[in-house]
4 protein chains.
Amino acid sequence: MADEMEQWLSSLLRLNDEEEKMTDKQIKIIQAAVEIFAEKGYSATSTSEIAQKAGVAEGTIFRHYKTKKDLLISIVTPIMSKLVAPFVLRDFHKVLESEYEHFEDFLRAVMRNRLEFGMKNAPIIKIMLHEIPFHPELQSQFREQIVPKVAQRLERIVEHFQANGELIDMPPMTVMRMGASVIIGYILTRCIINPENSWNDEEEIERAVQFIMHGLTPVRG
Amino acid sequence: MADEMEQWLSSLLRLNDEEEKMTDKQIKIIQAAVEIFAEKGYSATSTSEIAQKAGVAEGTIFRHYKTKKDLLISIVTPIMSKLVAPFVLRDFHKVLESEYEHFEDFLRAVMRNRLEFGMKNAPIIKIMLHEIPFHPELQSQFREQIVPKVAQRLERIVEHFQANGELIDMPPMTVMRMGASVIIGYILTRCIINPENSWNDEEEIERAVQFIMHGLTPVRG
Amino acid sequence: MADEMEQWLSSLLRLNDEEEKMTDKQIKIIQAAVEIFAEKGYSATSTSEIAQKAGVAEGTIFRHYKTKKDLLISIVTPIMSKLVAPFVLRDFHKVLESEYEHFEDFLRAVMRNRLEFGMKNAPIIKIMLHEIPFHPELQSQFREQIVPKVAQRLERIVEHFQANGELIDMPPMTVMRMGASVIIGYILTRCIINPENSWNDEEEIERAVQFIMHGLTPVRG
Amino acid sequence: MADEMEQWLSSLLRLNDEEEKMTDKQIKIIQAAVEIFAEKGYSATSTSEIAQKAGVAEGTIFRHYKTKKDLLISIVTPIMSKLVAPFVLRDFHKVLESEYEHFEDFLRAVMRNRLEFGMKNAPIIKIMLHEIPFHPELQSQFREQIVPKVAQRLERIVEHFQANGELIDMPPMTVMRMGASVIIGYILTRCIINPENSWNDEEEIERAVQFIMHGLTPVRG
DNA sequence: CATGAATGAGGTTTCATTCAT
DNA sequence: TATGAATGAAACCTCATTCAT
């Protein structure tokens, strides 16, 4: 179990598997940092605390990460990529056309997939959400590398289904924002704000999809 | 302008106007703290920085607020109350029945009102969102004082309009969550995430209301 | 009771009654200071604490005593005088000759008298003992004003009773030190170190006197 | 000389010699702290002053002692043990019976031994005397760990020599208190109150012993 | 590569003292 | 005279970072 976790973490933190392996201590450092950053916030976490929880000497942290902020960036940067990975596939366009006949199907697929991702990565996502606004490096990375790519892809999808007649005729940005609000609203509530609730995910996903499609007004015969 | 700001801030920070006035220096301290907390986060802000920006001696801060955390709480607590004030009016039920014939009207009113509130209080709301997860005092206040009151009120409204036949038959909690996602999603994007955009608020509100009512599917004749 | 205390305190703190009266607030300040200095030590006591306990504003303390150390000196100086007052009476010599036929009588009188004094002034004496070593002003006052006067008087008494044949032939300084050790040892134990014990003072005084006279060896027929 | 001092200090501060060595800096910190605490009192001493005199960074103090009070306790605790060590030997009873035929011999041995100890440790003893009353941790340690052990031992000795007929029949506690007053009175005067005097220790010890045995009354043929 | 003692800048907080009211 | 808000120096302590081992 712990092994699996380590493998997964280490895979998460490298963008492609060609890159150099993390040492055992590095993994422990990252695990400890993620846990404490998520609990207390980056600024309120001391490197000595991380070292202690990781079971390494304080100096060891700085052998692997030049500064404390470096450590943060090493944690947040990969999650940003993974967060939007499904929308950045090179052959995304084809996938879409072949795989999702209806917008509903696409919505369902996205919600399921990103919910699973959210549940696996809740602490790191929490860190990301809290720290992006306070660190220009992260902000610019987010605004310049992540947002445009995703926006572009989603815009095409929306336009595709608008041309289709399946989606309402409205600025794609607005359509995206409203759809995203519902999806993100659920995932954050589910994974970060209220994870201790007992959730029936399939049901909630279905309702969200129906809501996005038809709103809150009862469907008339 | 500055005067107006001071008046408004001082009114915001007292729950009822009978309470004693804040001194001039106190207001400056709060203003400075709000600004820097919003910019860098509570933990990354030093009291000396606040003192400098407020134009007071560092000791003066601690004459008015026993600790730095006290200062944070003095800022965040009142905003939580004001944030949900419209839902906690004693005669809310009547207001609802008499004022909003349709759910749409209610949505529009809420969005306009809370958007205005968000634009006035963006920095404090940003602070609140960032710090609630890290401060048990704030968390418990939020979960115990704020959430239940609002949830109760909204639940009644939803049930009212469900009985009415205007709203879909679905667990009120879920209905609320989805509606709230759209509204909050817009307000946060508008006021905090992307305030520098040029927004056509009336148009966006109208679209959001329509989305909440009918979803993204084109309305059929 | 409180009134009596005030009167007594105010009388203690003036060397002669011709001097100006203390105001009501001054008395409260001194009372509070004595209490807290005795409990926590001079350095560890803050003027704000004193002000609070005295029920006056912080500024008021500094209206009456230029500095915190001034306040300490105003408390300790008079007690030093009073502590040795019995040995500094102008007509002490006569008193001695007429009043105490035997050294024993003198010992008993001194012990009773200074014990009573110690019980009345325990907190101030404690302050004096703790602070004299750390404040040159107090030290010099003690070494120059107090010690020589008392030493001189006691020396004469010892010499008087040595001439008498009642006291052993030994350097008067040494005789004094040993006698004083026993008396002071009892009074400090009784009043400051272990006041909560139940003590039978008359008995202990008698034993101490007998010890000073005859030591610990059983008296032989 | 300095080396010897260091060795001795480091031996004093460990209760048993198996425990880990103090670092060079730690010793310097303790030495500096002892010196300044003795001169100005604990509360009036700043950690920066200690650091400066010790020739280390202020932070270094806090790497070795979590708080300033920790540093005090690390200084005072061992001296309390050493102070009473001679009375807490496991085979003390035998030692007594075999070594000291008469009470006088015991007195002389104790006075010599503890005087030597007092001269070596004057500053630390001064600190101990001043700080015990103000620090509950020290107080309880003293009252619970130190006092009872010594009292018990001394009581037995007194009873032993009372049974012997060498000592007067009086409550052992009182006998002890009076004897101790004389011994402690001398040692404190000699080592702390008036060390700059030129003292003839052997003579004074002899006189004190004679005083304790026979009091101040001339011995009659 | 790993360690952890050492650093010194900077953090929050306290405090004696001043001064306008 | 009495007040208490304001001060700023200095208190204790933490921290990210370095470097000799």
Side-chain angles (χ1 to χ4, degrees), chain A residues 23-26 28-29 42-52 54-71, chain B residues 23-26 28-29 43-52 54-71, chain C residues 23-26 28-29 42-52 54-72, chain D residues 22-26 28-29 43-52 54-71:
Chain A
T23 74
D24 174 53
K25 305 233 166 196
Q26 240 180 111
K28 281 194 185 131
I29 290 168
Y42 167 79
S43 259
T45 300
S46 73
T47 50
S48 79
E49 214 176 341
I50 296 170
Q52 196 175 1
V56 303
E58 266 198 87
T60 307
I61 293 177
F62 291 91
R63 188 151 296 281
H64 292 288
Y65 305 93
K66 216 154 36 123
T67 64
K68 189 187 165 195
K69 182 168 277 188
D70 242 46
L71 176 57
Chain B
T23 75
D24 174 51
K25 306 238 166 194
Q26 236 179 116
K28 282 194 184 132
I29 290 168
S43 259
T45 300
S46 74
T47 50
S48 79
E49 216 176 339
I50 296 171
Q52 197 173 2
V56 304
E58 216 172 334
T60 306
I61 293 176
F62 291 92
R63 176 157 292 279
H64 293 289
Y65 305 92
K66 250 199 330 253
T67 63
K68 189 186 163 196
K69 183 170 277 188
D70 237 48
L71 176 57
Chain C
T23 74
D24 173 53
K25 304 233 166 197
Q26 240 179 112
K28 282 197 183 127
I29 290 168
Y42 166 79
S43 259
T45 300
S46 73
T47 50
S48 80
E49 214 176 342
I50 297 170
Q52 197 175 1
V56 304
E58 267 197 86
T60 307
I61 294 177
F62 291 91
R63 187 152 296 282
H64 291 289
Y65 305 92
K66 216 156 33 121
T67 64
K68 188 185 163 195
K69 182 169 278 186
D70 242 46
L71 175 58
L72 174 68
Chain D
M22 292 172 89
T23 75
D24 173 52
K25 306 240 164 191
Q26 239 180 113
K28 282 195 184 131
I29 289 168
S43 258
T45 300
S46 75
T47 51
S48 80
E49 214 175 341
I50 296 171
Q52 197 173 2
V56 303
E58 215 174 336
T60 306
I61 294 177
F62 292 93
R63 175 158 294 278
H64 293 290
Y65 305 92
K66 249 199 329 251
T67 63
K68 188 187 164 196
K69 182 170 279 188
D70 238 48
L71 176 57

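Order of the sequence lines sets the chain letters (A, B, ...), proteins ahead of strands, with each chain counted from 1.
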Task: For D:Thr23, the option from D:Lys28, D:Arg63, D:His64 that meets side chain to side chain contact (heavy atoms under 4.5 Å, CB included) - done: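 Running side chain to side chain contact (heavy atoms under 4.5 Å, CB included) over D:Lys28, D:Arg63, D:His64 with D:Thr23 returns exactly one hit, D:His64.
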Open item on the list: Using the side-chain hydrogen bond (donor to acceptor under 3.5 Å, both in side chains) definition, which of the options C:Lys68, C:Gln52, C:Glu58 pairs with C:Thr47?
Closed with: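 The option that passes is C:Glu58.
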Rounding to a whole Å, what distance do you find between [X]:[atom1] and [N]:[atom2]?
X: C:Ile50; N: F:dA2; atom1: CD1; atom2: P; answer: 17 Å
X: C:Lys28; N: F:dA2; atom1: NZ; atom2: C1'; answer: 13 Å
X: D:Lys25; N: E:dG8; atom1: NZ; atom2: P; answer: 9 Å

- [ ] Report the secondary structure of DNA chain F in dot-bracket form, marking unpaired bases with a dot and bases paired to a different strand with |, and treating Watson-Crick or G-U pairs with both distances under 3.5 Å as paired.
- [x] .||||||||||||||||||||
- [ ] Using heavy atoms to find the nearest nucleotide of DNA chain E for A:Thr23 and D:Val56 separately, return the residue whose nucleotide is more 5′.
- [x]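 So the residue in question is A:Thr23.
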- [ ] Starting from the 5' end of DNA chain E, give me the residue, A:Thr60 or D:Ala57, whose nearest nucleotide shows up first.
- [x]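 Closer to the 5' end of DNA chain E: A:Thr60.
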Open item on the list: Pair B:Ile50, B:Leu71 - check side chain to side chain contact (heavy atoms under 4.5 Å, CB included), show working.
Closed with: CA-CA 11 Å; B:Ile50 296 171; B:Leu71 176 57; 4.0 Å; yes
Open item on the list: My understanding is that only residues two or more places apart in sequence, or in another chain, count here; which of them pass side chain to side chain donor-acceptor pair (under 3.5 Å) with A:Glu49?
Closed with: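 Here the qualifying residues are A:Lys40.
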Task: Heavy-atom protein contacts under 4.0 Å, nucleotides 11-21 of chain E, coded B base, S sugar-phosphate only, - none - done: SBBBSBBB---
Task: Short side-chain N/O contact from A:His64 to OP1 or OP2 of E:dA2, under 4.0 Å - done: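 For E:dA2, OP1/OP2 do have a side-chain N/O of A:His64 under 4.0 Å.
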